[in-house]
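Chain A is the first sequence line, chain B the second, and so forth, proteins listed ahead of strands; every chain is numbered from 1.
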Number of protein chains: 2
Amino acid sequence: MDPNPIGFQKHDHSHCVADAVAEADRTCQKAGLQLTPVRKRALEILLEEHRALGAYDVLARLAEDGFGSQPPVAYRALDFLTKNGFAHKIERLNAFIACAHPGDIHTPAFLICTTCDAVAEAETDPSHSLLNQIADTTGFRISRAVLEAEGTCPNCLANDQAKDPK
Amino acid sequence: MDPNPIGFQKHDHSHCVADAVAEADRTCQKAGLQLTPVRKRALEILLEEHRALGAYDVLARLAEDGFGSQPPVAYRALDFLTKNGFAHKIERLNAFIACAHPGDIHTPAFLICTTCDAVAEAETDPSHSLLNQIADTTGFRISRAVLEAEGTCPNCLANDQAKDPK
DNA sequence: GCCCGTCACGTAATAACATAACACACCAAA
DNA sequence: TTTGGTGTGTTATGTTATTACGTGACGGGC
Ligand SMILES: [Zn+2]
Ligand SMILES: [Zn+2]
Ligand SMILES: [Zn+2]
Ligand SMILES: [Zn+2]
């Protein structure tokens, strides 16, 4: 199991955490949002993994660092991050992941590997997404979409074939 | 709030419950599946509403009818129904809804009205769904997809306009 | 200075959702 | 008759999420 799969590819990870936090800092400055210590730490915690973390996982790490140890501490931080586009909730997993493309308004699609637990965030073309088609034909006005696919990532697919090459 | 919105349109509902149960009966016959009393009743309960019901809602109704009153009773019945295509779980709501198109293998998309809580099940074209496009370009193999949109249904949209016609 | 609104944070308690583990009944095959 | 599978029921527990309440920090009127 690859501990480091972003979009299922390897990369220099120590940089990307720091970079993402720095960018979040800037974005919050501009938008008048407060990236407070708990919130920043929560974002770091999410960024340290390329998989989804449960709220209680995040909470435990926050508590280790001297922050509050009760559920609302984590839920509030995660709420801030998701509301402002720095993180997403993966509904299928009841878990949270840092946004891979923060800043832009986007409708992400997630690819969840059930073998290695990696989660990749894919961009969708908002103009001809299938949900918009549905919305157009039914007259339903979409405010938020959940697009999540479970399956096997390319890495795990390759591993499977290596072991069992039929 | 319309108590009866299937695909957000009105229809004769007493019939459609009975019909759907009858068809589930036939399907189970053919497939060698046991549509036992709890399972059948759970399906009826879901069919009686065109919205998603929590497992504990279903459980309470089952208990009223003399079935077991502990969570596994509901979860097992719902598990049977979802595994065999008679119902779906709405991940966004942690709740369950009867399948509107049972029988066929399909990748449903759900439209969840946040005003009246109605949930409609839309069919998707499996061949050019956006998730397949993503899968093709990334090499990810999808086994299951979650497609859920939150927003406002046509009925509620009309009501809003009637009240506040800007 | 003080008052007050808002916001973030902390905590306790509880609600809501879900599963593990075990016992018993039933039925059909060996 | 025994055995194995499947379904149901129960107790207990685990996991995820929210409600309710209190405190401190900050900023704008007065
Ligand atoms: Zn990274
Ligand atoms: Zn994988
Ligand atoms: Zn109906
Ligand atoms: Zn509605």
Side-chain angles (χ1 to χ4, degrees), chain A residues 24-25 28-29 31-43 45-46 51-84 86-97 112 117 146 148, chain B residues 24-25 28-29 31-43 45-46 51-84 86-97 112 114 117 146 148 150:
Chain A
D25 248 330
C28 287
Q29 286 282 331
L33 299 171
Q34 303 185 45
L35 191 60
T36 60
V38 222
R39 293 168 176 179
K40 181 180 282 191
R41 185 69 193 112
L43 177 56
I45 289 165
L46 292 182
R51 59 191 182 92
L53 290 179
Y56 280 71
D57 295 335
V58 174
L59 178 58
R61 309 254 219 127
L62 289 174
E64 280 175 18
D65 294 4
F67 295 101
S69 61
Q70 300 304 315
V73 171
Y75 280 101
R76 286 196 286 236
L78 292 168
D79 197 49
F80 171 87
L81 295 174
T82 52
K83 279 219 170 98
N84 295 293
F86 301 115
H88 300 286
K89 180 172 185 185
I90 311 294
E91 299 291 345
R92 186 70 235 284
L93 305 175
N94 294 318
F96 299 83
I97 191 165
I112 305 165
D117 294 324
V146 175
E148 297 170 0
Chain B
D25 247 330
C28 287
Q29 286 283 330
L33 299 170
Q34 305 184 44
L35 191 62
T36 61
V38 221
R39 292 168 177 177
K40 180 180 285 193
R41 184 69 192 112
L43 177 57
I45 289 165
L46 293 183
R51 60 189 182 94
L53 290 179
Y56 280 67
D57 295 334
V58 174
L59 177 59
R61 308 253 217 128
L62 288 174
E64 280 175 17
D65 294 4
F67 296 102
S69 61
Q70 299 307 315
V73 171
Y75 280 102
R76 285 194 290 236
L78 291 168
D79 197 50
F80 172 87
L81 295 175
T82 52
K83 281 219 169 97
N84 295 294
F86 301 116
H88 300 286
K89 179 173 186 184
I90 311 294
E91 299 291 344
R92 184 70 233 285
L93 304 175
N94 294 319
F96 300 82
I97 192 166
I112 305 164
T114 51
D117 294 324
V146 175
E148 296 169 3
E150 266 184 21

Does a side-chain N or O of B:Asn94 approach OP1 or OP2 of C:dA18 to a distance below 4.0 Å, or not?
yes
Among the candidates D:dT8, C:dT11, D:dT18, find the nucleotide nearest to the side-chain atoms of B:Thr36.
D:dT8
Given atom CG of B:Leu33 and atom C1' of D:dG5, what is their separation to the nearest angstrom?
15 Å
What is the distance, to the nearest angstrom, from the CG atom on A:Leu59 to the C1' atom on C:dC9?
13 Å
If you round to the nearest 0.5 Å, how far is CG of B:Leu43 from CG of B:Leu78?
10.0 Å
Kindly point out which of D:dT16, C:dG10, C:dA12 is positioned nearest to the side chain of A:Gln70?
C:dA12
With nearest nucleotides of DNA chain C determined for B:Pro72 and B:Leu93 from heavy-atom distances, which residue corresponds to the more 5′ nucleotide?
B:Leu93
A:Asp79 atom CG is separated from C:dG10 atom P, nearest whole Å, by 16 Å
Cationic N near anionic O, under 4.0 Å, B:Arg41 to B:Asp65:
yes
Mind checking B:Phe67 for me? I need base, sugar-phosphate or nothing, with any heavy atom below 4.0 Å counting as a touch.
sugar-phosphate
Return no unless some side-chain N or O of B:Gln34 is found under 4.0 Å from OP1 or OP2 of D:dT6.
no
Verify the contact: side-chain N or O of A:Lys89 to OP1 or OP2 of D:dA17, cut-off strictly under 4.0 Å; return yes or no.
yes
When the distance from CZ of B:Arg39 to C1' of D:dG9 is rounded to whole Å, what number comes out?
14 Å
Position toward the 5' end of DNA chain D (nearest nucleotide), A:Glu91 or B:Phe80:
B:Phe80
If we ignore hydrogens and angles and just use 3.5 Å, is the side chain of B:Glu148 paired with the main-chain N or O of B:Glu91 as donor and acceptor?
yes
My understanding is that only one of A:Leu53, A:Leu46, A:Ile45 makes a side chain to side chain contact (heavy atoms under 4.5 Å, CB included) with A:Phe96; could you say which?
A:Leu46
Would you mind telling me which residue lines up with the more 5' stretch of DNA chain D, B:Arg76 or B:Pro71, judged by nearest nucleotide?
B:Arg76
Side-chain donor/acceptor contact of A:Tyr56 with base of D:dA17 under 3.5 Å:
yes
Can you measure A:Leu81 atom CG to C:dA8 atom P for me and round it to whole angstrom units?
12 Å
Quickly work out the A:Lys83 NZ to C:dC7 P distance and round it to whole Å.
12 Å
How long is the straight-line distance from CD of A:Gln70 back to CZ of A:Arg76, given to the nearest 0.5 Å?
10.5 Å
Separation of atom CG in A:Leu62 from atom C1' in C:dG10, rounded to whole Å:
13 Å
Send over the distance from A:Tyr75 OH to C:dT11 C1', rounded to a whole Å.
16 Å
